[in-house]
Amino acid sequence: MPEGHTIHRLARDVRSRLGGQQLSAASPQGRFSSGAALVDGRTLHRVDAHGKHLFLAVDDRWIHIHLGLFGRVTFSPTPASPPRGAVRLRLVGDDTVLDLRGPTACEVISPDDKRALHARLGADPLRRDADPERAYERLTRRRLPIGALLLDQSLVAGIGNVYRAELLHRAALSPHREGRSVSAAEWAGLWDDTVTQLRAGVRSGRIVTTAREHRDRPSGRARRTDAHYVYRRSGLPCRRCGSAVAADEMAARTIFWCPTCQSV
DNA sequence: GCAAAATGTCAAG
DNA sequence: TTGACCTTTTGCA
């Protein structure tokens with residue numbers, strides 16, 4: 001389930017479970033054997049996240065991980081049991097085993113490589129050093145629709161297909177609005193809500209964007225199907241107004257929106 | 001047993 | 001713009 005909130009939550013978990021420990025590293029599946037050999041026996045002294053990228057500092061190098069669409073990390077207690085499935089990387093610390101499966105990227109990089117990666121990533125709503133004004137300046141120079149721009153990781157780092165649809169709905173902005181027509185006030189509202197929503201996502205480990213009164217159950221605890229206003233609800237009622245949710249391709253992904261709540 | 005889908009990105013044309 | 005790639009899970013024979 002990897003959007004930015006997943007990665008920051010993962011960073012927190014890796015830090016608390018394996019931080020400061022000497023690791024043994026291996027690639028049971030074999031595709032990261034040389035990288036694992038480089039970090040085997042070294043100490044994990046820092047963990048960093050930017051957008052959907054995770055960085056683990058082992059002495060003078062970094063392990064760079066990007067989960068992509070399918071990647072997953074699981075933790076289990078020591079002693080390590082035989083790996084199940086295609087485990088790209090296994091890290092074993094004092095009492096925790098980390099297994100990484102299916103990432104788009106898992107590589108050992110230098111500090112310079114890491115700087116270069118940060119340089120091509122945009123404002124991360126979950127980082128203190130985020131610069132939303134700079135993101136806005138760049139946004140307003142573009143003719144592309146806001147729905148496409150929100151997925152551009154060099155503008156805002158960490159938003160994925162679920163948050164894109166839900167944040168635009170919460171802001172009452174049509175995904176088709178051109179970036180350059182978005183006002184400073186609209187952007188400020190969208191950014192603030194993005195920070196709020198992603199932080200909630202880190203806390204809960206889930207993407208729940210609906211307000212309590214829009215969820216089906218009065219308990220307020222969202223079921224899987226209650227969690228979104230429009231995402232993956234094509235043809236179903238918008239959870240705020242009841243109009244049929246529309247869907248289209250935008251930036252090579254399916255965008256969902258409510259034509260009533262989100263007028264152009 | 002096999003196809004399809006899933007919260008993503010990049011390189012080739 | 002399209003296709004390739006990463007892996008697991010689900011649903012339908």
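Convention: sequence-line order gives letters A, B, ...; per-chain numbering from 1. This structure is a prediction, so every number in the text was calculated from the model and none was measured.
- Between C:dC6 and B:dA12, the two P atoms lie 16 Å apart (nearest whole Å).
- Looking at A:Gln22, its side chain does come within 3.5 Å of a backbone N or O of A:Gly41 through a donor-acceptor pair.
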Which protein N or O atoms sit under 3.5 Å from an N or O of nucleotides 1-3 of chain B?
none

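- Using a cutoff of 4.0 Å between basic side-chain nitrogens and carboxylate oxygens, A:Asp124 and A:Lys52 are not scored as salt-bridged.
- At least one side-chain nitrogen or oxygen of A:Arg101 sits closer than 4.0 Å to the OP1 or OP2 atom of C:dT8.
- Side-chain contact between A:Pro237 and A:Ser243 is absent, with no heavy atoms from C-beta onward closer than 4.5 Å.
- Side-chain contact check for A:Thr254 versus A:Arg232: every heavy-atom pair is 4.5 Å or farther apart.
- Close to C:dC6, at under 4.0 Å from its OP1 or OP2, lies no side-chain N or O of A:Arg88.
- For C:dC5 and B:dG13, the P atoms lie 14 Å apart once the distance is rounded to whole Å.
- A:Arg232 places its CZ atom 11 Å from the C1' atom of B:dA4, with the value rounded to the nearest Å.
- A:Tyr229 does not carry A:Arg239 over the face of its six-membered ring by the limits of under 6.0 Å from the centre and within 45° of the normal.
- For A:Gln29 and C:dC6, the shortest distance from a side-chain N or O to OP1 or OP2 is not below 4.0 Å.
- You'll find the side chain of A:Pro103 reaches within 4.5 Å of the side chain of A:Arg88, heavy atoms only.
- Ion pairing of A:Arg177 with A:Glu186 is present here, as a side-chain N (NZ or NE/NH1/NH2) and a carboxylate O approach within less than 4.0 Å.
- As a whole-Å value, the separation of A:Asp248 CG from C:dT1 P is 12 Å.
- In summary, the aromatic rings of A:His228 and A:Tyr163 are positioned with their centroids too far apart to meet the 6.0 Å limit.
- Rounded to a whole angstrom, the distance from the P atom of C:dA13 to that of B:dA5 is 15 Å.
- Between A:Arg127 and A:Asp48, at least one side-chain N (NZ, or NE/NH1/NH2) sits under 4.0 Å from a carboxylate O, which counts as a salt bridge.
- What separates OH of A:Tyr231 from P of B:dA5 is a distance of 13 Å, to the nearest Å.
- B:dA6 atom P lies 14 Å from atom CD1 of A:Ile207, rounded to whole Å.
- As rounded to whole Å, 12 Å separates atom P of C:dG3 from atom CD of A:Glu249.
- The CZ-C1' distance, from A:Arg84 to C:dT9, rounds to 15 Å in whole Å.
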Kindly give the atom pairs (protein nitrogen or oxygen, nucleotide nitrogen or oxygen) under 3.5 Å for nucleotides 8-11 of chain B.
from, atom 1, to, atom 2, distance (Å)
B:dG8, OP1, A:Lys52, NZ, 2.9
B:dG8, OP2, A:Asn161, N, 3.3
B:dG8, OP2, A:Arg253, NH1, 2.6
B:dG8, OP2, A:Arg253, NH2, 2.7
B:dG8, O4', A:Leu69, N, 3.2
B:dT9, OP1, A:His66, NE2, 3.3
B:dT9, OP2, A:Lys52, NZ, 3.2
B:dC10, OP1, A:Arg120, NH2, 3.2

